[in-house]
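Below is one structure, written out as structure tokens, with a few remarks after it.
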Amino acid sequence: MALDRPLVFFGPPAAGKGTQAKRIAELYSVPHLSTGDMLRDAIARGTEVGRAVKPILESGALVPDDIVMAMVEERLSRPDCSEGCVFDGFPRTVPQAQALDAILCRIGKQKPLVLELRVPRDTLIRRIAGRRTCSLGGEVYNVYDAPPRVDEICDRDGGKLVQRPDDRPDVFEQRLRAYERQTLPLEAFYRREGVLETVDGSVPMEDVTRALVSIVMRVQGRDGHL
Ligand code: AP5
């Protein structure tokens, strides 16, 4: 089953966008495109972009739109995106959303289906405190809700589990503020476009996945070809 338009995962930091975007991308056999992962990869490789964005990520602010759009446009031009893709953490500003619409229009694709995860603030704070990430492969765990089989060790590749530097409480506060100021206006933007669907992201992961799949299937039924 292919997607003829991108899916966009939208929601505050720690809402579960990455967790769900990976599952849905796997289900539809399309690439999972996380701008956060792309930026962290650029930092790890020490590229020019990586050096420019490192202090921005460390502060919890958003990276400028032109840097993000150049990265996304290059990634979207690769052949593996021809059957669709799942965006995670992108778009994050109205100008990014408008730029994505323009790219999709140019390459003859439909507007994205936007899947919003709603999670209360206290749950976000608990999730961020419990999140651990594999230092080798990036696999994500949670010491409360999705722990590894062996403490601090990745089940998949044996890598050491670490806390992301921007998960520190003070930086997380900044990320929440950036979300409220710069990203939340996208909700109204996408609602006006008629492409926004909202899901309760506070329930167990499997239930969130089930709700998302049923939305994608409903939209598919409505349009006949999603
Ligand atoms: P990014 O990496 O995108 O971070 P984020 O949006 O803040 O999202 P997170 O990765 O923190 O959370 P998530 O929603 O993916 O949750 P997860 O599934 O891990 O961005 C990082 C930085 O890069 C930004 O601050 C910015 O500087 C920059 N950036 C990135 N994109 C940009 C853009 N487009 N424009 C400008 N700047 C950009 O889940 C969290 C935890 O909860 C995990 O431990 C997980 O196991 C657990 N969990 C998930 N779901 C559930 C559930 N249902 N029940 C219980 N636990 C759960």
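We count residues from 1, following the sequence as given. Every number for a ligand or one of its atoms is a count from 1 in the order of the listing.
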* Judged by non-hydrogen atoms, does Gly130 sit under 4.0 Å from ligand 1? -> no
* To do: Of all the heavy-atom pairs spanning Leu186 and Ala97, show the shortest one and how long it is.
  => CD2-CB, 3.4 Å
* Asked: Taking N or O atoms only and a 3.5 Å limit, does Asp88 qualify as a polar contact for ligand 1?
  -> no
* Asked: Is there side-chain contact between Cys134 and Asp155, with heavy atoms separated by less than 4.5 Å?
  -> no
* Considering heavy atoms of the protein only, find what lies nearest to atom 29 (N) of ligand 1 and give residue, atom and distance to 0.1 Å. => Leu39 CD1, 3.4 Å
* Tell me: protein heavy atom nearest atom 18 (O) of ligand 1, and distance? -> Thr19 OG1, 2.6 Å
* Asked: Going by distance only, is there an N or O of Tyr141 that falls short of 3.5 Å from an N or O of ligand 1?
  -> yes
* Asked: Any idea which protein heavy atom is nearest atom 41 (C) of ligand 1, and the distance to it?
  -> Asn142 ND2, 3.8 Å
* Do Val68 and Asp65 touch side chain to side chain, with heavy atoms closer than 4.5 Å? -> no
* To do: Output yes when the distance from some N or O of ligand 1 to some N or O of Ala14 is under 3.5 Å, and no in every other case.
  => yes
* Asked: Are side-chain heavy atoms of Asn142 and Arg132 found at a separation under 4.5 Å?
  -> no
* Asked: Taking distance alone, with no angle check, do Gly18 and ligand 1 share an N/O pair under 3.5 Å?
  -> yes
* From Leu76 CG over to Leu100 CG, what is the distance, rounded to the nearest 0.5 angstrom? -> 7.0 Å
* **Tyr141 side chain near Leu161 side chain, heavy-atom distance below 4.5 Å** => yes
* Would you say Ala15 contacts ligand 1, with heavy atoms under 4.0 Å as the rule? -> yes
* Asked: For atom CZ of Arg149, is the number of surrounding heavy atoms from other residues, nucleotides or ligands below 6.0 Å larger than 12?
  -> no
* Asked: Just distances here: any N/O of Val208 and N/O of ligand 1 closer than 3.5 Å?
  -> no
* Protein contact to atom 37 (N) of ligand 1 [nearest heavy atom, distance to 0.1 Å] -> Val63 N, 3.0 Å
* To do: Answer with yes or no whether Arg164 contacts ligand 1, where contact means a heavy atom under 4.0 Å from a ligand atom.
  => yes
* Asked: Given that the side chain starts at C-beta and the backbone is N, CA, C, O, which of these parts of Arg132 lies under 4.0 Å from ligand 1, counting heavy atoms, or is it both or neither?
  -> neither
* Asked: What atoms of ligand 1 come within less than 4.0 Å of a heavy atom belonging to Gln96?
  -> 33 (C), 34 (N), 35 (N), 36 (C)
* **Any side-chain donor near an acceptor of the partner, Arg23 and Thr209, under 3.5 Å** => yes
* Please indicate whether any nitrogen or oxygen in Ile56 is less than 3.5 Å from any nitrogen or oxygen in ligand 1. => no
* To do: Report the member of Ala21, Gly36, Pro204, Gly89 with the shortest heavy-atom distance to atom 34 (N) of ligand 1.
  => Gly89
* Asked: Crowded around Gln98 CD? As in, over 12 foreign heavy atoms under 6.0 Å?
  -> yes
* Looking only at heavy atoms, is any part of Val140 under 4.0 Å from ligand 1, and if so is it the side chain, the backbone, or both, or is it neither? -> side chain
* Asked: How far is atom 54 (N) of ligand 1 from its nearest protein heavy atom, and which residue and atom name does that atom have?
  -> Arg127 NH2, 3.3 Å
* Asked: Hey, mind stepping through Leu196 and Phe189 against side-chain contact (heavy atoms from CB on, under 4.5 Å) and telling me if it holds?
  -> CA-CA 9 Å; Leu196 182 77; Phe189 174 86; over 6 Å; no
* Would you find more than 12 non-hydrogen atoms of other residues, nucleotides or ligands less than 6.0 Å from Arg177 atom CZ? -> yes
* Mind checking whether Thr35 has an N or O less than 3.5 Å away from an N or O of ligand 1? -> yes
* Nearest-option assignment for atom 30 (C) of ligand 1, heavy atoms, candidates Arg92, Arg40, Glu139 -> Arg92
* Side-chain heavy atoms under 4.5 angstrom apart, residues restricted to Ile, Leu, Val, Met, Phe, Trp, Tyr: same cluster for Ile103 and Met38? -> yes
* **atom 16 (O) of ligand 1 [closest protein heavy-atom partner, distance rounded to 0.1 Å]** => Gly16 N, 3.2 Å
* Asked: Counting only heavy atoms not in Glu74, do more than 12 sit closer than 6.0 Å to its CD atom?
  -> yes
* Asked: What residue among Lys160, Lys22, Arg156 forms salt bridge (charged side-chain N to carboxylate O under 4.0 Å, His left out) with Glu139?
  -> Arg156
* **Ligand-side contact atoms (ligand 1) for residue partner Val68, heavy atom cut-off under 4.0 Å** => 33 (C), 34 (N), 35 (N), 36 (C)
* So is Leu117 close enough to ligand 1, meaning a heavy atom under 4.0 angstrom away? -> no
* Measure Val203 to ligand 1 on non-hydrogen atoms and call it side chain, backbone, both or neither using the 4.0 Å cut-off. => backbone
* Nearest-contact summary for atom 26 (C) of ligand 1 - protein heavy atom, Å -> Ala61 O, 3.5 Å
* So does Glu58 have more than 12 non-hydrogen atoms from other groups sitting under 6.0 Å from CD? -> yes
* Compute the shortest N/O to N/O distance between Arg131 and ligand 1 and return yes if it is under 3.5 Å, no if not. => yes
* Give the C-alpha distance, both sets of side-chain angles, the deciding distance and a yes or no for side-chain contact (heavy atoms from CB on, under 4.5 Å) between Met71 and Leu39. => CA-CA 9 Å; Met71 223 171 51; Leu39 292 163; 3.7 Å; yes
* **Heavy atom of the protein closest to atom 11 (O) of ligand 1 (residue, atom name, distance)** => Arg175 NH2, 2.6 Å
